[in-house]
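Notes to accompany the following structure.
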Number of protein chains: 4
Amino acid sequence: MVTAAAAERSRPVPRPRADALRNRERIVAAAREMFVEFGPEVPFDEIARRAGVGNATLYRHFADRAELIREVVCSVMDRASEQAERALAEEGDAFGALRRFVHAAADERIGALCPMLAGDFDKEHPDLDEARDRIESLVEELMARARTAGQLRTDVAVGDLMVALSQLTRPLPGSGCVNFDQFVHRHLQLFLDGLQAPARSELPGTAATLEDLRQRA
Amino acid sequence: MVTAAAAERSRPVPRPRADALRNRERIVAAAREMFVEFGPEVPFDEIARRAGVGNATLYRHFADRAELIREVVCSVMDRASEQAERALAEEGDAFGALRRFVHAAADERIGALCPMLAGDFDKEHPDLDEARDRIESLVEELMARARTAGQLRTDVAVGDLMVALSQLTRPLPGSGCVNFDQFVHRHLQLFLDGLQAPARSELPGTAATLEDLRQRA
Amino acid sequence: MVTAAAAERSRPVPRPRADALRNRERIVAAAREMFVEFGPEVPFDEIARRAGVGNATLYRHFADRAELIREVVCSVMDRASEQAERALAEEGDAFGALRRFVHAAADERIGALCPMLAGDFDKEHPDLDEARDRIESLVEELMARARTAGQLRTDVAVGDLMVALSQLTRPLPGSGCVNFDQFVHRHLQLFLDGLQAPARSELPGTAATLEDLRQRA
Amino acid sequence: MVTAAAAERSRPVPRPRADALRNRERIVAAAREMFVEFGPEVPFDEIARRAGVGNATLYRHFADRAELIREVVCSVMDRASEQAERALAEEGDAFGALRRFVHAAADERIGALCPMLAGDFDKEHPDLDEARDRIESLVEELMARARTAGQLRTDVAVGDLMVALSQLTRPLPGSGCVNFDQFVHRHLQLFLDGLQAPARSELPGTAATLEDLRQRA
DNA sequence: AATGAATGAGTATTCATTCAT
DNA sequence: CATGAATGAATACTCATTCAT
């Protein structure tokens, strides 16, 4: 009892308050929804309203737009990573696991990453690196299995899949994405068919890694 | 061809002055470049500056952003239509013509249509209908030939190709697209491989027409 | 002396707790430093941070900015009064005592009073009257001695000295005052030379008392 | 003279419109008044209102607060320079000319320079250098004449006078300066008396040039 | 017709102050 | 008592659009 109290007092970061944590979660959730729907330029006041907090509360949690975007980006990546892990764990067929991940990632609105990554924010932040490394290694594993099974053409790399996946699932700005999804899954399916071995054409350029994307975005 | 179409769209009534016409062309050209590079939200003053005219001149030619966007959309579509016509005329192999068109359309920045179409503008305008009908029928012809030749899977429609094409070539907001292109052509190639007959999987949803897109955007 | 005066000013009623008193002192000290350095507009949160307390604690001790400013003003005046008392007690030469006080008051940042007095706060508060009366009578005594000794021109009053002293030592907003001090003491010295008898010119206006300043500020 | 200098500062390129020039003048005039009265932090909207223009017009003429402050600073310096020129031209007695300039500069609110110089703005701008060089050389000339005539003590430099002058005439924030002026001229007179030869005391520190001030401010 | 200038409405951001733990 | 969190009101700044030359 005494030691616990002393430890709490001596800690420099004294355990965030429960309601503040709840607010933070609600803000991130609201931001994710609105970024996906309207792009990363949405007014902060709208995000705050949707989250049910005052606008200044948002600034208490995230010093600027960049910080909020980063948090949402990491959150989306993490959710996609979870999907990748499930696909790896639960799917028997190697290419089937890849398919499952791609469609699941689409449902997690991974396409929203594109416009968000393009905005001004610190692309060197460790949280971001961590989230990217995680998703990258998981997708690499998915692709490696499919390649080993002879189901995936050999001239594609992680970056190829991730960028195309992001682009094909990228929301149309200003539109509710409701009936767009049905098309998206068709396009993904077609793209996946193009990924299958044997290769039906020779690809231009060189295989893209996530590193290349970091340079560009 | 494109100039003819554009001329038809201009006011036929009071015989436009030569310098006014030149200004109009320069504005559309500047807008196309900037829309592609920065998205359709670019400040009007910047477009005017790039075009080398005063901002009010821009308003003289285009009552609002919607009108300018529409003009640019039509212009991009027209240029893509030209590419489709050339592919039809000059390419022997049916699927090869389709491939050629897809890559050429990418170079014409057809991906910029997506964010532009999403903005608020009158999607019922006759100019737009005309340009869309033109590109649609041309692409349909390209696809029909490939299908007839047994090179194209039978469960895809024009809308599938056009939307995926737009999405895959869509510029990343805020970034010079320079080194992005090399990836884009890879993705297009993979997608085209997925379009080839025989179909490697069953597609979800139903084949998309351009009509469906009009509803959505 | 200053602690005694400060203690008298605190609520005598409910017997304040020891840590609360310590907090109050730390807040006043922090506020004095920051007012001098950045002016009286500094964010309350910053003062609280420098004092090492939460912002709400600050409000517990001082209902609003006016109250805090008043406390700091009194504190600065008290410290200057102490200097005046020492000069009176320890300095043999009458004008030398005046000189010593002026330079010592400058080092106590008495110039910070000007911007602080200008802000909105209750200039009728008894604490303020008390502190002002104290410094005024002390400076009057210093001047009276010098005048009696024939060292001080006869057409100047306390207000003349106090205002000029405050103005000449007033910090430049936004700048660390480090190397400014060396100039300040030169200016004070020149002003003091102008105060010496015999008068070298006829002064415009009338001799200023501290009462006049109260009206104005 | 001042108009000439101001004209030189304007863009030589596109020939400014008449009404725009009038607006610019009104904005600078309004800003000068309000900076003197309330300090350089006054809301831009208030300046615009006083100038009788919309707030955005203010931004058209001055990209940010720094630019407006710079213009006002130059304007105040130019007006003081004019006073120095008149004193040099019209006053027979050397020290009399210096006295006249000092009091006239006070009436031109030269004290407002202090808080304005402290704000964030580009202290390297050529306009500023020009205005400072002008006032500096004029005051140097005034002081040189008085020194040559044996009327000015030899251990003071331009910076000593300019800083003390600015400080002594510096407006009290938040107060209309109406009845403050009568005191100011007394203080200036006392300071001037202290400047007269023969020196009545030895000055601490070293003579200040305007260069030193540039470093500090 | 063409243009530079003016404007008001909208957004981001800060900060004093109140509230809940 | 002490505190971190929440909030709304204020301000800076941008940009589409209209006005005057």
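So that the names make sense, note that chain A is the first sequence line, chain B the second, and so on, each numbered from 1. Owing to the predicted nature of the structure, the values given are computational and were not obtained by experimental measurement. Just so it is clear, the values below take in all heavy atoms, side chains as well, and ignore hydrogens, waters and symmetry mates.
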Using every non-hydrogen atom in the two residues, find where M116(A) and V72(A) come nearest and quote the distance to one decimal. SD-CG1, 3.8 Å
Taken to the nearest whole Å, CZ/R60(C) to C1'/dT21(E) is 13 Å
Sorted by position of nearest nucleotide on DNA chain F, 5' first, the leading residue of G54(C) and G54(A) is G54(C)
Got a sec, which residues hit side-chain hydrogen bond (donor to acceptor under 3.5 Å, both in side chains) with D45(D), two or more places apart in sequence or on another chain? none
Could you give the CZ-to-C1' distance, from F38(A) to dT11(E), as a whole number of Å? 16 Å
Watson-Crick or G-U stems of DNA chain E, 3 or more pairs, under 3.5 Å, by first number: E:2-21 with F:2-21
Contact string for nucleotides 12-17 of chain F, one letter per nucleotide 5' to 3', B = base within protein heavy-atom range under 4.0 Å, S = sugar-phosphate only, - = neither, reads SBBBSB
Would you mind reading off the distance between R22(C) atom CZ and dA2(F) atom C1', rounded to a whole angstrom? 13 Å
For R109(A) and V76(A), the nearest pair of non-hydrogen atoms, with its separation, is O-CG1, 4.1 Å
Distance check: side-chain N/O of H61(D) vs OP1/OP2 of dA5(E), anything under 4.0 Å? no
Between dA10(F) (P) and E46(D) (CD): distance, integer Å: 12 Å
For residues H61(D) and E67(D), report the shortest heavy-atom separation together with the two atoms involved. O-OE2, 3.8 Å
Which atom pairs, one a donor and one an acceptor, fall under 3.5 Å between side chains of residues 26-34 of chain C and the rest of the protein, sequence neighbours left out?
| from | atom 1 | to | atom 2 | distance (Å) |
| --- | --- | --- | --- | --- |
| R26(C) | NE | A51(C) | O | 3.2 |
| R26(C) | NH2 | A51(C) | O | 3.0 |
| R32(C) | NH1 | S75(C) | OG | 2.4 |
| E33(C) | OE1 | R50(C) | NH1 | 2.4 |

Rounded distance (Å) that lies between atom P of dT3(E) and atom CZ of R49(B): 14 Å
Nearest-nucleotide wise, let me know which of G52(B) and D19(D) is further upstream toward the 5' end of DNA chain E. G52(B)
E41(C): salt bridge (Lys or Arg N to Asp or Glu O under 4.0 Å) partners, not counting sequence neighbours: none
Take the protein atom CG of L58(A) and the nucleotide atom P of dG8(F), then report the distance between them rounded to whole Å. 14 Å
Spell out, as yes or no, whether a donor-acceptor pair under 3.5 Å connects the side chain of R65(B) to the backbone of P40(B). yes
Which pair of heavy atoms, one from A112(A) and one from V36(A), lies closest together, and at what distance? CB-CG2, 3.5 Å
Roughly how many Å is it from CD in E67(C) to P in dA16(E), rounded to a whole number? 16 Å
Could you give the CE-to-P distance, from M34(C) to dC15(E), as a whole number of Å? 11 Å
R49(A): what forms a side-chain hydrogen bond (donor to acceptor under 3.5 Å, both in side chains) with it, not counting sequence neighbours? E46(A)
What nucleotide, of dA2(F), dA2(E), dT7(E), holds the atom closest to the side chain of T57(D)? dT7(E)
Report the residue (N23(C) or N23(A)) whose heavy-atom-nearest nucleotide on DNA chain F is the more 5′ of the two. N23(C)
